[in-house]
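Each chain gets a letter, A, B and so on, in the order its sequence line appears, and its residues count up from 1. Hydrogens, waters and symmetry mates are skipped; everything else that's a heavy atom, side chains included, is used.
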Amino acid sequence: MAQFRDQTQRFLNGQLHEDDFRALRLRNGLYIQRFAPMLRISIPYGLLSSAQLRVFARIAREYDKGFGHFTTRQNIQYNWPELAKVPDILELLASVEMHAIQTSGNCIRNVTSDHLAGVAKDELEDPRPWCELVRQWATVHPEFAFLPRKFKIAITGAVADRAAVRVHDIGLILKRNDAGVLGFEVLVGGGLGRAPMIGQTIYDFVTPHDLLGCLEAILRVYNLEGRRDNIHKARIKFVVKSHGIDKFREMVNAEWQASRAYAPVWSENEIARVKAFFKAPAYETLSDMDVVGSKGNALEQNKFRRWYQQNTRAHKVAGYRAVILSLKSVKRPPGDITDAQLDAVANLADQYSFGEIRVMHDQNLLFAHVRQQDLFALWQALDAIDLATANIGTLTDMIACPGLDLCSLANARTYTVVDLINERFDDLDYLYDLGEIQLKISGCMNGCGHHHVGHIGILGVDKHGEEWYQVTIGGAPNGKEADLGEVIGRSFKQEEIPDVLERLFRVYLEQREGDERFVDTVRRTGIAPFKAGAYAQADQAA
Amino acid sequence: MRKLIKLHNHDRSIVTDDWRYVEEDANAPAIIVSLPQWQMERDTLLASGKKLGVKLIPADKVEAIASDATKLSLIALEFGGIGEGRGYSQAHILRRRCNFIGELRAVGKIQRDQLFYMARCGFDAFELPEAADLNVALTAFDDYSVAYQPGIDKAGLELRRRAG
């Protein structure tokens, strides 16, 4: 803290060169954006207490314009802090054991995970203790603090991959081998950005005892071999790609072997100590109940039923559900939340979910442990603060980066596209009929909106100073189906996007077999019919 | 005279540099040469009776001097700027794997903000740019009060190395 206060003071006094301050300020999550600095705060594996959320509310109110923005990496960022006041914000965060260390810069970033960790029915092992153990190892790691480029790690412990482990620099999947021993499948070289790639398995099974040695070997090979001459080819995926996964594995094997004798290792006591932090809350003994239709008038029941179906998830303990708080209201950009909402959510978390809040990759929030008997009351409370839009998993549950409105890297606006889509697709029944669609929008090829792995991806491009939008279909972020979308053809003007989507959906509804999802239809038929649909009528109209 | 920061156990001090780069004074009793010069003149240099040091640039492979590490009294690793991080892994390999026990010097465009990390990777000498205020830089080793990882310099808070 004092270190950053000193660095900021030296920069403001002119004693620290701008380029050097950049390398240092980025380590504390501070970017200089179009209009003001942007401060990104680390939320390890997306887990928050209500006390921490209240501090976010206070920062939004006192140091920003009343907003915070949740990101796709389970962090929060503020777009309007004053540089000179950033050290004060960091002090405030420290009072609730939070910080912005390593949320940017070329270092190991926040370790992310499954938002349903600890409560999912399909979970083999809770990934959060492992996230915390890896996070501690990665924090201010002396050897890997100045890597060729940023480095992202995700860990999952469930059958369904909700942590997008295949698009991370390193993805870890908890598994048991044939002897029943717990370990990790280790994936390497995934990532989005300008040259998106899907991670590949470097080791099928690594025990917890060997994991840090394995990670250090990968990081050391990367630190020494990664390119530093070209920022666009500096991620580990380029090292993996240029050598091929087999050669890369040989390089890591050699390094791992050479360092095995002194590699860091977690003691059983340490693992047990960290696991104790993630003990299940004090659940009551309840049984599952029929919650829909018991409370409220007919109109409320209908709204509640839709919300229950779309926005709640199964819980491994009888009588409980996990509840998603939609930050995808038509009234605000995806992921944005006001100070008043933050305070209200903190209170509701205390009342209904053991004071715990989780941030999801798709820029929503989650109450992981809500008694089923409380769902109706919680829904009413969330509806009153506009956090109950029943659109989770549908088209309008969009992911979007802030785009040209706020970001200095962007080519095009994203929030205006979001608004156009929200205006056109406001009929929930139509959205439910379309089923699960992941629409992801990025304002430039850096891909912070993850457009490559959207079932539908929209990418803002700059053509002769005008904003155009390229559309991809067939991508997916998670699990074995993770893949990159294909571009359907020439770019569109912003106003065309809702029509283009509508035409794509018409093709989907014609081609759909059974209840297959949009992305499944695209993968079965290929993009040809969609391409024909999207452009044929566009040309007719023109 | 050039001044350095040197670490010795838990002491840190500002000292006068006894070493000369060969291009400064080839006749000095303690000289530092580049890796190419070392590779070309290794035997002559070893026979000269001088104290010898080699300076590596970030792209140099540490393996190139691994077998000579015990014959050298100093290895200097150059840093091209704050974003250049290969030196940290080079230092790690020299200390951990090559059993290098001589002076490990960081040289180049070094900021005091890097010193904490460098010390933890095994550097014990720091040749900062001329304009740097070494008295201020001396305090940088206390930037973080605790560390999770075991370093070359001290044990970590929670992680333990397997041996030594």
Side-chain angles (χ1 to χ4, degrees), chain A residues 1-4 6-7 10 15-17 19-24 26-27 101 105-107 133 135-149 209 212-213 216 219-226 228-229 231 234 255 258-267 269-271 273-274, chain B residues 58-63 66 79-93 95-98 109-123 131-133 136 139-140 142-164:
Chain A
M1 194 69 53
Q3 183 197 26
F4 186 73
D6 169 66
Q7 287 165 356
R10 272 151 66 205
Q15 293 164 350
L16 189 57
H17 190 267
D19 288 346
D20 290 335
F21 184 56
R22 179 195 301 125
L24 296 168
L26 286 177
R27 326 193 60 71
I101 296 169
N106 296 332
C107 51
L133 286 159
R135 185 196 72 77
Q136 293 190 3
W137 161 78
T139 300
V140 198
H141 193 296
E143 189 182 346
F144 307 127
F146 300 92
L147 295 167
R149 196 77 182 87
H209 189 262
L212 286 183
E216 291 214 344
L219 265 297
R220 191 167 301 122
V221 168
Y222 170 54
N223 193 32
L224 290 169
E225 301 295 328
R228 292 172 189 270
D229 58 330
I231 189 179
E255 176 54 44
S259 54
R260 198 178 274 274
Y262 61 81
V265 65
W266 293 306
S267 68
N269 281 343
E270 174 61 3
I271 292 171
R273 187 185 73 86
V274 171
Chain B
D60 287 335
K61 298 283 178 217
V62 172
E63 289 71 17
F79 285 79
I82 201 159
E84 173 53 65
R86 282 174 280 191
Y88 300 93
S89 284
Q90 290 173 325
H92 171 95
I93 293 170
R95 286 295 196 212
R96 280 285 170 191
R97 215 171 293 166
C98 305
K109 293 183 185 163
I110 301 167
Q111 296 265 346
R112 70 185 206 229
D113 312 272
Q114 294 163 279
L115 300 183
F116 174 87
Y117 297 90
M118 288 174 166
R120 304 224 66 222
C121 287
F123 287 97
D133 183 338
V136 175
T139 65
D142 301 320
D143 276 355
Y144 300 90
S145 50
V146 293
Y148 284 115
Q149 314 79 5
I152 310 287
D153 58 338
K154 59 184 172 187
L157 192 59
E158 301 300 347
L159 291 166
R160 300 285 177 264
R161 295 272 173 195
R162 284 182 193 190

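Side-chain atoms of A/Leu224 and B/Ile93, non-hydrogen and from C-beta on, do get closer than 4.5 Å to each other. Under the 4.5 Å side-chain criterion, counting only non-hydrogen atoms from C-beta, B/Arg120 is not in contact with A/Val140. Side-chain contact between A/Phe144 and B/Tyr88 is absent, with no heavy atoms from C-beta onward closer than 4.5 Å. A heavy-atom distance below 4.5 Å is found between the side chains of A/Phe146 and B/Gln114.
Close placement of the B/His92 and A/Tyr262 rings is indicated, their centers lying within 6.0 Å of each other.
B/Ser89 approaches A/Glu143 most closely through the heavy-atom pair OG-OE2, 2.7 Å.
A/Asn223 places a side-chain N or O within 3.5 Å of a backbone atom of B/Gly85 that can act as its donor or acceptor partner. Not one N or O on the side chain of B/Arg86 forms a donor-acceptor pair closer than 3.5 Å with the backbone of A/Gly226.
Of the two parts of B/Lys61, only the side chain, counted from C-beta on, holds a non-hydrogen atom closer than 4.5 Å to a non-hydrogen atom of chain A.
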After noting the C-alpha distance and the side-chain angles of A/Glu255 and B/Arg97, does the key distance pass the salt bridge (charged side-chain N to carboxylate O under 4.0 Å, His left out) rule?
-> CA-CA 11 Å; A/Glu255 176 54 44; B/Arg97 215 171 293 166; 2.4 Å; yes

